[in-house]
Each structure stands twice: as structure tokens, then as C-alpha cells.
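Scroll down for the structure; my scribbles are underneath it.
Atoms within a ligand are numbered from 1 in the order they appear, just like the ligands themselves.
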Amino acid sequence: MDKYILNINGKKQTVSVDGDTPLLWVLRDELKLTGTKFGCGKGLCGACTIHINGVETRSCQTSIDFLDDEDQITTIEGLSIDASHPVQKAWVAHDVPQCGYCQSGQIMTASSFLSRNNKPNDDDIDTAMKMNICRCGTYPRIKKAIKSAAKEMKNG
Ligand code: FES
Ligand code: FES
């Protein structure tokens, strides 16, 4: 085991883990940030998506060895205070979640994508979100929520 200093949600945290430990398990097991979910463990479902330096990243595929304390890691818990990010507000307004399991990952992907493109067309949204799977089929509501969050981000 080695010691690692990570910058998570704006706070430096020290963890002792093996270097090949996926960030997902450090977040969930070591730091109890359980908003980030385990789905496939193979980079295929998007349930574990977080941001590293603002870019959506699969935490199940990111070994701790590849990170240093300069990397800004953001989880769903750190996206905003009181769920006030435009994407989170749009998710509530459009009543997006069903079981909810995939939704942290959906929100983290959508928020990163919209930070780069706040005027997305349908194809842009489909491309950005296609690797985030929802077994409950909430895709139509996700798309509506992304469009309304985009409007707020453009005006804000
Ligand atoms: S759990 Fe990471 S992509 Fe599925
Ligand atoms: S809301 Fe159930 S898996 Fe997406």
C-alpha cells in the first residue's frame, strides 16, 4: 500500500491504497462518497462517471497511480452546493430519475459536456450521452433536462 494525496471536491484527502486501485473504490470505500455508483466496472455503463479537471471520466477505469494532488476530482457530491447546478435543477424540474441508480453518472456527463457546448443539438446530446446507460429508459427526460439546462447555462 502507498499513500496518495487527492484533491476531491476542493479538499485534499490522504488515502492509503494499492496503486492499481480504481478511483471508484477509493471514493466509495475509503472516502464514503457513495453518490458515485458501480455498474459494470468495465467502462461501459457510465454509472461511475466523475470529473477530473472538469472532464467526464470513468472512475472504474482510473487507477489511483495515474492521479496526483494537482488533479481536481469532482464527484456528484461536489458538483454544487444544495444541488444548485443548472443540470441538477433541470433534472428536478423534469423529474428525470426513476430508480436513480444511473443518474449521478448521467448528471456528471451532462454537466461536463454542457460546459463545453451550451448550444447542443439533438445529435450533440445523443453523442455525448450515448455511453451512459439507463436501464429504466429515462432517456427522453434526460434529453429534455439537458436542453433546459443548456438554456440556463447560455443565459447565465
Ligand atoms: S462502472 Fe464504470 S463505466 Fe460502468
Ligand atoms: S433511473 Fe434507473 S437506471 Fe437510470
Those residues at least two apart in sequence (or on a different chain) that pass side-chain hydrogen bond (donor to acceptor under 3.5 Å, both in side chains) with Asp71 are Asn53
- Task: With side chain to side chain donor-acceptor pair (under 3.5 Å) as the test, would you mind laying out the steps for Thr21 and Glu30 before giving the verdict?
- Result: CA-CA 11 Å; Thr21 307; Glu30 304 293 321; over 6 Å; no
Under the side chain to side chain donor-acceptor pair (under 3.5 Å) rule, what do Arg28 and Thr36 come out as? Steps first, then yes or no, please.
CA-CA 7 Å; Arg28 289 185 57 84; Thr36 305; over 6 Å; no
A student checking ligand 2 against Gly100 at a 4.0 Å heavy-atom cut-off should list atoms 1 (S), 2 (Fe)
Sorted by chain and residue number, the residues having a heavy atom closer than 4.0 Å to an atom of ligand 1 are Gly39, Cys40, Gly41, Gly43, Leu44, Cys45, Gly46, Cys48, Arg58, Cys60
Atoms of ligand 2 under 4.0 Å from any heavy atom of Cys99, numbered from 1 in the order shown, are 1 (S), 2 (Fe), 3 (S)
**Request:** Decide yes or no for Gln106 and Trp91: does some side-chain heavy atom of the first lie under 4.5 Å from some side-chain heavy atom of the second?
**Result:** yes
At less than 2.8 Å, would any N/O/S atom of Cys134, backbone or side chain, sit next to atom 4 (Fe) of ligand 2?
yes
With heavy atoms and a 4.0 Å threshold, my read on which part of Gln103 contacts ligand 2 is side chain
Residue pairs meeting ring pair (Phe, Tyr, Trp, His ring centres under 6.0 Å), one or both in residues 21-43, sequence neighbours left out, come to Trp25-Phe38
- Query: Does atom CZ of Arg135 have more than 12 heavy-atom neighbours from other groups under 6.0 Å away?
  - Reply: no
Residues at least two apart in sequence or cross-chain that pass side-chain hydrogen bond (donor to acceptor under 3.5 Å, both in side chains) with Asn9, listed by chain then number, are Thr75
Quick note on ligand 2: atoms under 4.0 Å from a heavy atom of Arg135 include exactly 3 (S)
Shortest non-hydrogen pair, Leu33 vs Ile8, comes out as CD1-CG2, 3.7 Å
